[in-house]
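All chains are named by letter (A, B, ...) in the order of the sequence lines, taking the proteins before the strands, and each is independently numbered beginning at 1.
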Protein chains: 2
Amino acid sequence: MSCHDVPRYGGYRRSVPGSEQVNLVEVAKAAGVSKTTASDALRNSGRVSEQTRKRVVAVANRLGYSPNPVARSLRMASTGTIGLHLPEILTRSEYYMSFVFGVVDQAAKMDYDVTLLTAQHVPARRLHRVDGVVLGDPLETDTVVRELLGAGLPAVTCERYTGEVEPAGIVLSEHTAMFDRLLDHLADSGARAIAFLASSTVTDWGATLQGAYQNWCERHEMRPRVREMAFGSPTAVTQDNARAVLNADPSVDALVCAPDGAASAVLPVIRAAGKTIGADLLLASCVDSSELTHTDPPITAIDLRPREAGAACAQLLFDILAGETPRGTVRAHPIGLNARRSTRG
Amino acid sequence: MSCHDVPRYGGYRRSVPGSEQVNLVEVAKAAGVSKTTASDALRNSGRVSEQTRKRVVAVANRLGYSPNPVARSLRMASTGTIGLHLPEILTRSEYYMSFVFGVVDQAAKMDYDVTLLTAQHVPARRLHRVDGVVLGDPLETDTVVRELLGAGLPAVTCERYTGEVEPAGIVLSEHTAMFDRLLDHLADSGARAIAFLASSTVTDWGATLQGAYQNWCERHEMRPRVREMAFGSPTAVTQDNARAVLNADPSVDALVCAPDGAASAVLPVIRAAGKTIGADLLLASCVDSSELTHTDPPITAIDLRPREAGAACAQLLFDILAGETPRGTVRAHPIGLNARRSTRG
DNA sequence: GTGAAAGCGCTAACAA
DNA sequence: TTGTTAGCGCTTTCAC
């Protein structure tokens with residue numbers, strides 16, 4: 001067991017001195033009814049007469065009553081909350097921010113809260129008050145992911161999880177199809193030597209893209225030119241890699257960047273090499289973001305529709321929790337391609 | 001009252017059919033001890049003998065026991081969770097993403113969870129299971145903010161809240177000082193006509209910057225050239241405003257952009273106007289982000305240290321919850337200035 | 001249409 | 001060192 005002492009502060013709405021939170025019994029007493037009736041009146045259970053309902057509600061309002069959600073949770077055996085976990089390093093990006101809000105939006109529609117689960121304090125873990133979890137791009141090496149899945153919590157992953165335990169549901173983006181379309185688009189624009197600044201295969205996404213690239217190159221008899229980057233590589237490293245790719249083979253006439261933010265980080269390198277983006281060198285990103293529309297020229301990118309992905313994950317989780325959808329369900333998540341001037345000469 | 005029926009799914013770790021979650025009594029029974037002893041053993045309360053403790057722990061492990069955090073919360077009158085609310089429109093930015101993770105990190109250090117509170121379903125609001133809330137840049141018009149504060153929840157705001165209810169604590173960034181330093185820096189670099197693409201005064205931050213700008217201009221006998229933008233304005237609007245500023249007064253030789261993302265969005269406009277950034281026109285942003293380091297040239301920006309700001313808010317909230325810090329405490333949050341080529345010729 | 005009582009799973013006060 | 005009892009505040013039988 002990894003239970004440990006949990007120093008905890010003031011209670012639920014108890015921190016305002018002298019303003020103790022009123023509870024159901026006090027309302028019931030003040031309204032001259034029983035606990036049960038008060039509860040039913042306030043929840044509109046349709047059991048009490050309209051007259052008493054109104055009276056109870058009025059009293060509750062006067063006393064400033066608000067039900068204790070923790071007690072309700074305990075009784076109903078449901079927390080009304082789902083957890084959300086993201087790979088630690090990547091969390092800065094616009095992609096994940098949108099993903100998060102997709103999850104939160106969808107959860108709010110179902111009247112659920114969302115709790116952010118981090119990689120902190122892994123050894124002495126606390127338990128989270130959640131009915132299930134959404135795992136964005138789960139890494140096999142992520143101990144938090146392993147523990148959450150190991151604990152038997154219903155989990156929905158965005159993209160595949162390569163570890164032992166199967167999640168209860170999976171939302172899969174159509175990366176291979178869209179990456180093929182991107183490479184076709186580059187070839188159509190005249191590219192004959194497409195290099196790929198790849199992302200590490202620790203994520204399913206990174207691995208899928210590398211596979212798609214290799215396959216496409218084989219089918220099109222193009223020599224693959226890959227350079228893989230570790231997760232969360234700083235700008236300088238990204239730029240070094242881009243330089244290396246361009247120097248290694250001067251015939252390269254198109255560069256596709258997988259890591260989020262890499263495409264724009266690479267711009268100074270390309271400029272320094274004296275190349276003109278969109279002419280000498282086509283440039284594309286595997287992750288779209290608003291900054292790619294501001295660059296000169298704007299950069300073509302795959303639109304991962306992160307907000308919709310997050311919403312889809314949450315929805316699948318709710319469907320599974322409700323028993324409406326069987327465990328092991330996999331849902332496809334459509335993505336898109338935003339072609340911009342960086343690939344259209 | 002805004003209580004309403006809450007359809008809720010499966011229970012806490014109850015969703016795996018046939019794998020009912022074991023509870024404390026079952027562990028106690030299996031170990032041949034009382035509920036209390038089992039509880040004490042698992043929590044290392046120092047009440048039980050080492051021998052029985054080990055036995056209980058072994059049994060708990062064998063049965064796959066894990067304590068129900070909801071029950072614990074109810075008993076301890078503390079949720080172990082804080083809420084986090086951000087203005088809805090702004091939530092896409094790198095700034096808020098970092099802020100969020102600052103809060104989450106700090107909370108994790110105190111063994112707390114963080115729940116994201118959105119503006120959704122305001123009419124029929126549910127209650128959130130939180131001991132307190134952090135409000136990032138609270139808008140006076142935000143009904144969620146008003147409700148949270150009105151409910152008497154201990155709240156810490158990042159920047160001032162101009163509404164009725166006082167938050168329990170405030171973390172204040174030193175915007176005026178740093179904005180003055182930025183304008184001084186521009187003047188030092190030769191700027192004589194500094195225009196300001198301002199952010200709406202609905203946030204304390206936006207209002208503070210506008211005030212600082214006016215004051216600085218007065219002190220330096222410079223004619224103020226302000227253009228205020230609504231919150232969350234799309235790129236096109238930002239660009240229209242930038243064009244208007246530049247056209248209105250061709251003598252403008254420096255432009256400061258307040259809204260996050262505006263500085264880079266404005267680049268194409270400046271290019272189209274035939275100006276050279278860093279030479280004809282100095283450009284600076286009031287919010288730093290990684291994309292500003294990739295632009296050509298890199299853009300000078302105020303570093304708001306969002307991660308540290310988030311952590312400071314969470315910490316202040318915990319201090320107040322613990323009663324270590326009085327309500328009404330205001331803490332300063334130091335920020336910085338990243339001077340880059342866009343303002344150094 | 002309403003009330004009394006049971007109990008969700010846990011911790012804390014009081015005994016032994 | 002351990003067990004017994006009494007709740008935390010709520011929803012839900014079951015009885016009237």
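Of the side-chain N and O atoms in B:Ser49, one or more sit less than 4.0 angstrom from OP1 or OP2 of D:dT2. Within the 4.0 Å cut-off from OP1 or OP2 of D:dT2, not a single side-chain nitrogen or oxygen of B:Thr37 is found. Contact between the side-chain N/O atoms of B:Asn68 and the OP1/OP2 oxygens of C:dG9 is not found at any separation under 4.0 Å. A:Ser73 has no side-chain polar atom (N or O) that falls below the 4.0 Å cut-off from OP1 or OP2 of D:dC10.
Between the CE atom of B:Met76 and the P atom of C:dA13 there is a distance of 13 Å, given to the nearest Å. Distance B:Lys35 NZ to C:dA13 C1': 14 Å, rounded to the nearest Å. Between the CZ atom of A:Arg43 and the C1' atom of D:dG9 there is a distance of 12 Å, given to the nearest Å. At whole-Å resolution of the value, CD in A:Gln21 and C1' in D:dC8 are 14 Å apart. For B:Leu24 and C:dA12, the CG to P distance is 12 Å, given to the nearest whole Å. Rounded to whole Å, atom C1' of C:dG7 lies 9 Å from atom CG of A:Leu74. As a whole-Å value, the separation of A:Asp40 CG from C:dA4 C1' is 13 Å. For the pair B:Glu50 CD and D:dT2 C1', the interatomic distance rounds to 16 Å; values are reported in whole Å.
Using modelled atom types, no side-chain atom of B:Asp319 and backbone atom of B:Glu324 make a donor-acceptor pair closer than 3.5 Å. In this structure, A:Glu26 contributes its side chain and A:Asn23 its backbone to a donor-acceptor pair below 3.5 Å.
Proximity note for B:Pro67 (side chain, C-beta onward) versus D:dT2, D:dC10, C:dC10: the nearest is C:dC10. Comparing D:dA6, C:dG9, C:dT2 against the side chain of B:Asn23 picks out C:dG9 as the nearest.
Of all heavy-atom pairs between A:Phe99 and A:Ala309, the closest is CE1-C, 3.8 Å.
In terms of position along DNA chain D, the nucleotide closest to A:Ser39 lies nearer the 5' end than the nucleotide closest to the other residue of the pair A:Arg47 and A:Ser39.
No side-chain donor from either of A:Asp137 and A:Thr203 sits under 3.5 Å from a side-chain acceptor of the other. Side-chain N/O atoms of A:Ser73 and B:Arg129 include a donor and acceptor closer than 3.5 Å.
In this structure, B:Thr36 reaches the bases: a heavy-atom distance under 4.0 Å links it to at least one base atom across the strands shown.
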